[in-house]
J.: 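Before I ask anything, here is the structure I am working with.
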Amino acid sequence: MKELYLQNSLTKKKELFKPITEGFIGMYVCGPTVYSDVHLGNVRTFISFDIMYRFLLHLGYKVRYVRNITDVGHLLDDGEDRISKGARADKLEPMEVVQKYTNGFHKMMDIFNTHRPSIEPRATQHILEQIEMVQQIIDNGYGYEANGSVYFDTLKFHEEKKCYGKLSGRVIDELLVETRDNLKNQSDKKHPSDFAIWMKAAPEHLMKWNSPWSVGFPGWHLECSVMSTKYLGETFDIHGGGNDLKFPHHENEVAQNVGACNCQPANYWLHTNMLLMNGRKMSKSDGNTITPDQLFTGDSPHITKAYSPMVIKFFMLQSHYSSTNDLVDDGLLAAEKGYRRLMEAQKTLAELQTTGAGNELDTDVTGPLDKFITEMCDDFNTPRAIAQLFELVTKINSFKEGHLDINKISVDTLARLQKDFPCYISKVLGLKNEIEAGNNGELEGVMQLVLDLRQDARANKNWAISDKIRDALAEAKIVVKDGKDGSSWTMN
RNA sequence: GGUCGCGUGGCCGAGCGGUUAGGCAGAGGUCUGCAAAACCUCGUACACCAGUUCGAAUCUGGUCGCGACCUCCA
């Protein structure tokens, strides 16, 4: 199997990937909290992990991809549960809220052509296991109960295990100082950096369960520790999430797992970077935000036109997952053209044939093909991998135009190109050909007739008729291109 | 305030000690009835200042600017 290198947040180094069990990979990614419509930033993160999942499958691994749905315990600043807030706002039962936005999330991820995870567990389905882990943490001496809530003892944990803050680069002494002001209204905690693993519920709280400590609900960080352990084991291969989750969420997750099982949950931690818009983080409060639907319809002051899901996805893949990605109209416009050129080349490629008389140009084709995989093996470098695809676009077009002699590549090489090029685009990068999708059989027949008539006019040098047909079609968003071997058309 | 990261040609965006990133836009050319498309050629960019080095966008220090996290966020 090809060597794969990953940038590991835990060690802050790029490392050769070694799975725990040869040929198998366990991957856990923190999923969304389903209390409102999906944010575009979520979309980028989950597209990034989908690409990783797809590529690992392509390399031949058997991957168990677990991505949770957070449906309890994720609190707002004022301490209110996000789901409860959504329930109040929409006048729904909490579980109706969860279902509504889970459905919406799935629909959006389908629109962006991502795979569903192998397992998609919900926090509320794992209350028993969460209670068990809380008990384990208490038994190991890292949890303490106060007024019905249970807290994780970060100071004791750090004194014994010396690893609190390793993932996020925090120093526990600083954490104690920094959050001192917040201590006043959280006096149940021994130390300000301690965090709740079980919370006693107020009487009006909508979602609560019985436990040895109180009628309450689990802490947000706990659910991921529990569900990753349940489905992937105490130690698994890859844990992912947005880099805004590094602290406190992932740091606390590590602490809980080490505290409960005395082992690191994941060998490799991967963090995706944020999606920006016009150079600033997307934020609802200052209007610097855009929804997927607004992008699809063009209904936003930030963009000049509508963009299709695949164009948006292609735009995102042109930057590396660990870099910020700045969503700007010019960038989207450029991505749209590049994406179309890629799709056109795919169509052109399907029609190429070679006699295989020579093989002088074989490496021109196999080189970029090989390099695509090499780049992807280098921490999923999609921008560089896509650059290799464009090298091939030029080759494909040159073969078609006759600028390069197609008979100078072997039958096998052309066959490989015709198999791998579309495979990399659709299977590895998950890009669908939206241009093709707009066509249908009936239109195909009509267009053939129209182009035949126009060809007759051209043969008679009747440019007036010929141009009239072309202009009228352009009005209907159909672009006619006159090539050497007749005319072709595409939907614009 | 603390921690971390970033500043690349008109725009997006890779690279992270010597070798063309790539896409889009722009200029010239080939082809074509014209156009479009396609192909070929082209710009010689790395915030600023100082240092290390035979050699720096890439390493070190400083300056300025931006961002993320520290409190809910993918």
Side-chain angles (χ1 to χ4, degrees), chain A residues 12 29-33 35 38-49 70 74-80 82 85 165 168-171 174-175 177-179 181-182 193 220 240-249 271-276 279-284 314-315 317-320 322-342 344-345 348 371 375 381-391 393-404 458 461-463 466-467 470-471 474 479-484 487-490 492:
Chain A
K12 289 156 189 73
V29 173
C30 291
T33 302
Y35 70 107
V38 230
H39 181 84
L40 231 207
N42 288 248
V43 170
R44 150 126 127 139
T45 295
F46 298 130
I47 284 177
S48 296
F49 286 109
T70 296
H74 197 171
L75 307 185
L76 292 158
D77 283 344
D78 57 10
E80 185 173 15
R82 280 161 185 270
K85 187 181 179 178
S168 60
R170 311 283 151 161
V171 179
E174 287 172 3
L175 289 173
V177 175
E178 278 167 13
T179 48
D181 288 344
N182 303 338
S193 58
W220 173 45
N243 76 178
D244 51 349
L245 292 183
K246 227 190 242 184
F247 189 89
H249 186 59
H271 286 100
T272 57
N273 213 135
M274 298 293 101
L275 183 68
L276 311 179
R280 299 193 341 267
K281 188 185 178 183
M282 280 201 188
S283 158
K284 279 183 192 167
F314 181 70
F315 170 77
L317 295 181
Q318 280 187 297
S319 73
H320 192 252
S322 66
S323 301
T324 51
N325 185 200
D326 192 6
L327 193 89
V328 292
D329 194 57
D330 284 348
L332 250 10
L333 230 34
E336 182 170 60
K337 298 209 172 173
Y339 166 76
R340 289 214 168 137
R341 201 153 83 91
L342 197 58
E344 284 296 317
T348 303
K371 220 165 167 213
E375 298 293 7
N381 197 325
T382 52
R384 286 187 82 84
I386 288 171
Q388 294 307 316
L389 255 22
F390 277 104
E391 294 293 324
V393 168
T394 303
K395 296 285 183 293
I396 290 166
N397 287 328
S398 293
F399 285 136
K400 187 202 175 195
E401 297 287 321
H403 296 128
L404 283 177
R458 293 182 73 213
K461 297 199 190 297
N462 189 341
W463 310 129
S466 161
D467 290 353
R470 188 170 67 197
D471 294 346
V479 181
V480 176
K481 297 176 206 166
D482 298 326
K484 280 206 175 76
S487 304
S488 63
W489 62 280
T490 50
N492 193 3

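Order of the sequence lines fixes the chain letters, A, B, ..., with proteins taken first and strands second; residue numbering starts at 1 for each chain.
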J.: Using the side-chain contact (heavy atoms from CB on, under 4.5 Å) criterion, which residues pair with A:Val393? Sequence neighbours excluded.
T.: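 In terms of side-chain contact (heavy atoms from CB on, under 4.5 Å), with neighbours along the sequence ignored, A:Val393 is linked to A:Arg341, A:Leu342, A:Ala345, A:Phe390, A:Asn397, A:Phe421.
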
J.: Establish, from distance only, whether the side-chain atoms of A:Ser487 and A:Asp482 form a donor-acceptor pair under 3.5 Å.
T.: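 Their side chains do contain a donor-acceptor pair, which is all the 3.5 Å distance test asks for.
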
J.: Could you state the CZ-P distance from A:Phe390 to B:U20, rounded to the nearest angstrom?
T.: 20 Å

J.: B:G15 and B:C6: how far apart are their P atoms, nearest whole angstrom?
T.: 11 Å

J.: Under the salt bridge (Lys or Arg N to Asp or Glu O under 4.0 Å) test, which residues partner A:Glu375, sequence neighbours left out?
T.: A:Arg384

J.: In what stems does RNA chain B take part, counting only runs of at least 3 consecutive Watson-Crick or G-U pairs whose two distances fall under 3.5 Å?
T.: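 Detected stem regions: B:1-7 with B:64-70, B:10-12 with B:22-24, B:26-30 with B:38-42, B:47-51 with B:59-63.
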
J.: Give me the distance, rounded to whole Å, that separates B:A21 from B:U44 when you measure between the P atoms they each carry.
T.: 13 Å

J.: Across the strands shown, which category fits A:Glu336 at heavy-atom distances under 4.0 angstrom: base, sugar-phosphate, nothing?
T.: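 The answer is nothing, as A:Glu336 stays clear of every strand by at least 4.0 Å.
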
J.: Does any residue of residues 241-249 of chain A have a heavy atom under 4.0 Å from RNA chain B, and if so, which ones, in number order?
T.: A:Gly241, A:Gly242, A:Asp244, A:Leu245, A:Phe247

J.: Round to the nearest Å and state the distance from A:Glu375 atom CD to B:G23 atom P.
T.: 14 Å

J.: My understanding is that only residues two or more places apart in sequence, or in another chain, count here; which of them pass salt bridge (Lys or Arg N to Asp or Glu O under 4.0 Å) with A:Lys371?
T.: none

J.: Quickly work out the A:Ile386 CD1 to B:C24 P distance and round it to whole Å.
T.: 12 Å

J.: Atom CG of A:Leu275 to atom P of B:A68: distance rounded to whole Å?
T.: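 Spelled out: CG on A:Leu275 to P on B:A68 is 12 Å.
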
J.: Quick one: salt bridge (Lys or Arg N to Asp or Glu O under 4.0 Å) partners of A:Asp467, sequence neighbours excluded?
T.: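 Per chain and number, A:Asp467 pairs via salt bridge (Lys or Arg N to Asp or Glu O under 4.0 Å) with A:Arg470.
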
J.: Mind listing the closest non-hydrogen atom pair of A:Leu275 and A:Met282 along with its distance?
T.: CD2-CE, 3.7 Å

J.: If the C1' atom of B:U20 is compared with that of B:A74, how far apart are they to the nearest Å?
T.: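 Roughly 35 Å separates the two C1' atoms.
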
J.: If you look only at pairs with a residue in residues 328-339 of chain A, which of them pass as a salt bridge (Lys or Arg N to Asp or Glu O under 4.0 Å), with sequence neighbours excluded?
T.: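 Qualifying pairs, neighbours excluded: A:Lys305-A:Glu336.
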
J.: B:A38 and B:U19: how far apart are their P atoms, nearest whole angstrom?
T.: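 31 Å, rounded to whole Å.
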
J.: If the C1' atom of B:U52 is compared with that of B:C11, how far apart are they to the nearest Å?
T.: 35 Å

J.: In whole Å, what is the span from the CG atom of A:Asn273 to the P atom of B:A68?
T.: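 That distance rounds to 10 Å.
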
J.: Let me know, please, whether A:Arg44 or A:Phe314 comes out on the 5' side of the other along RNA chain B by nearest nucleotide.
T.: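 Upstream on the strand: A:Phe314.
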
J.: List for me each residue that meets side-chain contact (heavy atoms from CB on, under 4.5 Å) alongside A:Gln318, sequence neighbours excluded, and say none if there are none.
T.: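 Listed in chain order: A:Phe314, A:Ala335, A:Ile386.
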
J.: Nearest whole Å is fine: how far is B:U20 C1' from A:Gln388 CD?
T.: 11 Å

J.: Determine the minimum heavy-atom distance between A:Ser168 and A:Phe247, stating which atoms define it.
T.: OG-CD1, 3.3 Å

J.: List in chain and number order the residues that pass side-chain contact (heavy atoms from CB on, under 4.5 Å) with A:Val38, two or more places apart in sequence or in another chain; answer none if no residue qualifies.
T.: A:Asn42, A:Phe105, A:Met108

J.: Quick one: does any side-chain atom of A:Thr45 pair with a main-chain N or O of A:Gly242 as donor and acceptor, under 3.5 Å?
T.: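 Such a contact is absent between A:Thr45 side chain and A:Gly242 backbone.
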
J.: Just by protein heavy atoms under 4.0 Å, how would nucleotides 32-44 of chain B read 5' to 3' in B, S and -?
T.: -BBBBSSSS----

J.: Should the heavy atoms of other residues, nucleotides or ligands under 6.0 Å from NZ of A:Lys461 be counted, would the total exceed 12?
T.: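 Not more than 12 within 6.0 Å, no.
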
J.: For A:Ser48, which residues count as a side-chain contact (heavy atoms from CB on, under 4.5 Å) partner, sequence neighbours excluded?
T.: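 Checked A:Ser48 against side-chain contact (heavy atoms from CB on, under 4.5 Å); matches are A:Arg44, A:Thr272, A:Tyr321.
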
J.: Which whole number of Å gives the distance between the C1' atom of B:G43 and that of B:U8?
T.: 15 Å

J.: NA contact type, A:Leu342, heavy-atom cut-off 4.0 Å: base, sugar-phosphate, or nothing?
T.: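 Here A:Leu342 touches no strand at all.
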
J.: Using the P atoms only, state how far B:C64 lies from B:G26, rounded to an integer number of Å.
T.: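 One P to the other, the span is 40 Å.
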
J.: Taking atom NZ of A:Lys246 as the centre, does the number of heavy atoms from other residues, nucleotides or ligands within less than 6.0 Å exceed 12?
T.: yes

J.: If I take atom OH in residue A:Tyr339 and atom C1' in nucleotide B:G23, what distance separates them, rounded to the nearest angstrom?
T.: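 The answer, rounded to whole Å, is 15 Å.
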
J.: Roughly how many Å apart are B:G61 and B:A25, using the P atom of each and rounding to a whole number?
T.: 41 Å

J.: Please report the shortest heavy-atom distance between A:His320 and A:Asn381, naming the atom on each side.
T.: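 Minimum heavy-atom separation between A:His320 and A:Asn381: CD2-CA, 3.8 Å.
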
J.: Would you mind building the protein contact string for nucleotides 9-17 of chain B? One character per nucleotide, 5' to 3', B for base within reach (heavy atoms under 4.0 Å), S for sugar-phosphate only, - for untouched.
T.: --SSSBS--

